[in-house]
Amino acid sequence: MDFDKILQELKKSLVSLFNDKFSEFSKESKKDIELFLSESKNKLERWTSLLAQGKLTVEDFEWLVKSQKDLFKMKTLQAAGISKISLGHFKNKVVKTIIDTIKVLVF
């Protein structure tokens, strides 16, 4: 399993998600995405490997990824005045995108 390829695919998926919802901030949001992925890389890599080996259930994997949600700061969107409720909903979409992307690439 090449986790760097998975990471690149995650980055593409998240950039696309940002472009769909907040296209006017897409360039700045890339920095937030890269920061989150770099902060979470080791954990995501370990959890993805365990999932692929069958040592983690999909439910456990989802729970672990959701635990990282607060690391995703979205400073650009906060500075633009996007409400906390909207940011919370968007963070949930980010987590779902990460989980769905990794499940597709692993299975």
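Position 1 is the first residue of the sequence, and the numbers go up from there.
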So, Ser38 side chain and Leu35 main chain: donor-acceptor pair closer than 3.5 Å or not? yes
Are any non-hydrogen side-chain atoms of Thr48 and Leu105 less than 4.5 angstrom apart? no
Between Lys41 and Asp4, does any NZ, NE, NH1 or NH2 come within less than 4.0 Å of an OD or OE carboxylate oxygen? yes
For Ile82 and Leu87, work out which heavy atoms get closest and say how close. O-CD1, 3.8 Å
Report the C-alpha separation of Ile33 and Phe72 in whole Å, then their side-chain angles, then the decisive distance to 0.1 Å, and conclude whether the side chain to side chain contact (heavy atoms under 4.5 Å, CB included) test is met. CA-CA 8 Å; Ile33 293 168; Phe72 198 41; 4.2 Å; yes
Is the shortest side-chain heavy-atom distance between Leu44 and Ile6 below 4.5 Å? no
Between Ser13 (side chain) and Glu9 (backbone), is there a donor-acceptor pair under 3.5 Å? yes
With distance as the sole test, does Lys69 use its side chain to make a donor-acceptor pair with the main-chain N or O of Lys91 at under 3.5 Å? no
Please examine the side chains of Glu62 and Lys103, heavy atoms only from C-beta on, and report whether any two atoms are closer than 4.5 Å. yes
Donor-acceptor contact present, side-chain Thr97 to main-chain Lys93, <3.5 Å: yes
In one Ile/Leu/Val/Met/Phe/Trp/Tyr side-chain cluster, 4.5 Å: Ile99, Phe107: yes
State, with a plain yes or no, whether a side-chain heavy atom of Val65 is found less than 4.5 Å away from one of Ile102. no
Does a salt bridge link Lys31 with Glu34, judged by any charged N lying under 4.0 Å from a carboxylate O? no
